[in-house]
Amino acid sequence: MTTFLDALTWIADPANWGGAQGISARLLQHLAVTLVAVLAASALAIPLGILIGHTRRGRGVVVALAGAVRAIPTLGLLTLLALLLGVGVEAPLLALVALAVPSVLAGAYAGIESAEPAAVDAARAMGMSELQIVRNVELPLGAGVLVGGLRAATLQVVATATLAAYTSDTGLGRYLFIGLKARDYPQMLAGAILVAVLALLLDRLLATAQDRASRLAHSTEGTP
Amino acid sequence: MGIEFRNVGKTYRDGTVAVADFSHVVASHRIAALVGSSGSGKTTLLRMVNRMIDPSNGTVLIDDEDIQGLDKVRLRRRIGYVPQAGGLLPHRTVVDNVATVPVLNGTSRATARGNALDLLTLVGLDASLASRYPAQLSGGQQQRVAVARALAADPNILLMDEPFGAVDPIVRRELQDQLLRVQAELGKTIVIVTHDVDEAFRLADDVVVLRTGGVVAQSGTPQSILASPADAFVRDFVGADRPERTLTTTEVDGQRLVVDADGRPVGILR
Ligand SMILES: Nc1ncnc2c1ncn2[C@@H]1O[C@H](COP(=O)(O)OP(=O)(O)OP(=O)(O)O)[C@@H](O)[C@H]1O
Ligand SMILES: [Mg+2]
């Protein structure tokens, strides 16, 4: 209990917020690493997911691959990448991208596939091109599920981004590693609390986004 | 002229022969009905016209032009399509559903919406429904919207796949009357698929009765088919022997009353 109070006191101390090693700077770094990882994963996984969902092809292969990637322990992958790439932020970023891809991918293809088949068929029969079907029908109808995938990925990445401090002086994870080394448990706990709060805030934000996106499907009152 | 099926066949990838060898000409500005039991290949044939299905062999021609050489998207934009049920875009309002194809074709949204409102009136829908979403409509109203949508780009051809199959008999009757009124005004070439013979007889100028495999059992006007069914299958399918089709007259209070085989009154002979 005192450790917890000490951790809160540590966080409340304005002296710990300023400077290049301060909480503000580390919060921003942590957020930046998370965003870059999720964006990079999205750039890869969203187009691929849309393609799989739209064509209903290649799903088995990609799901198996994504499952295999998911099964690799992130810390192990990070160690391996760090050995290959050396110290710095690149190795953890890559590991985080690998962590995020399966969730984003699943959200994208599940979202696209969730579009009512009768509506998609009618859209095609009316003379929409495949691209127009994706843009005008499948994406609006599947947007909620797609953003749900982004939300899940972001949550995983923001928690795991503590590992960025394993090979570089980046993010809130640094407090955990320093604290562990110096047996400064309040500082360690403070780091963990800050990560948890950041994760909660991001999750709230994305929950709102998911809600908005779901409303694009607009089946409206009474009907699911 | 019109739509010609020339020796078309369709074998699906799993080996199912949906249509073996079908030939027929649908005349311009007429309503043709494809009837037949479930699985006889009606939908397969209908969807060959807008190339939602490409035949495994044979050709489909529209106004003497082989459609295999045409761009699918452009072909479909000039053919109206009414699916069996649903098929409206659930995330778009009624008016925007109807305006879909004109907007794709480059008509401004405002103009397309204006025309859509006129079409809603044409199919018997109140303009107050225009801003609703499909889920807020009854099944019958949804089908009217689907018909309006199919007419929006002013296509020459209208394809309808059991368009009124999912609504109750009274509403179906209203929708059929509405379609006949619209047709009297617009004179489209319409192909309608149904397994309701009464619907085919009520709507169509020409009826094609299909057996399994898209084999034509008989084709002709409703009158000729009912007057001389080609064989026992057609006779049974059109219900030529059904009590309500075998009418006799009887005299009641000086009036010539038409009654069915069960003696139920159908009308008065003048
Ligand atoms: N995509 C497909 N793959 C394999 N077989 C199919 C496919 N679509 C239809 N068939 C088969 O082809 C045959 C004709 O199907 P079709 O849908 O044209 O019949 P239909 O006359 O429209 O029947 P219904 O009245 O039930 O709608 C059926 O045996 C059906 O099972
Ligand atoms: Mg069918």
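Within every chain, numbering begins at 1; the chains are lettered A, B, ... in the order of the sequence lines, protein sequences first and strands thereafter.
Across every non-hydrogen atom of A:P47 and A:S42, the tightest pair is CD-O, 3.4 Å. Smallest separation of non-hydrogen atoms from A:G88 and A:P92: O-CD, 3.3 Å.
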Could you go through residues 68-82 of chain A and list every donor-acceptor pair under 3.5 Å that involves a side-chain atom there, pairing it with any protein atom two or more places apart or in another chain?
| residue | atom | partner | partner atom | Å |
| --- | --- | --- | --- | --- |
| A:T79 | OG1 | A:L75 | O | 2.7 |

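Heavy atoms closer than 4.5 Å to chain A are found in the side chain of B:R92, but not in its backbone.
Checked against ring-ring contact (aromatic ring centres under 6.0 Å, His included), B:Y81 has no partners two or more places apart in sequence or in another chain.
In this structure, the side chains of A:H30 and A:T162 come closer than 4.5 Å at one or more pairs of heavy atoms.
Taking a cutoff of 4.0 Å between a charged side-chain nitrogen and a carboxylate oxygen, B:D71 and B:R76 do not qualify as a salt bridge.
Contact annotation for residues 41-55 of chain B against chain A (heavy-atom separation below 4.5 Å, listed by residue number): B:R47, B:N50, B:M52. Within residues 132-158 of chain A, the residues having any heavy atom less than 4.5 Å from a heavy atom of chain B are, in residue-number order, A:Q132, A:N136, A:V137, A:P140, A:L141.
For the pair B:Q142 (side chain) and B:A135 (backbone), a donor-acceptor distance under 3.5 Å is absent. In this structure, the side chain of B:Q68 does not engage the main chain of B:V60 through any donor-acceptor pair within 3.5 Å.
To the nearest 0.5 Å, the span separating NE2 on A:H54 from CD on A:E113 amounts to 11.5 Å.
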For the pair B:D14 and B:T16, evaluate side chain to side chain donor-acceptor pair (under 3.5 Å) and give the outcome as yes or no after the intermediate values.
CA-CA 6 Å; B:D14 63 358; B:T16 310; 2.8 Å; yes

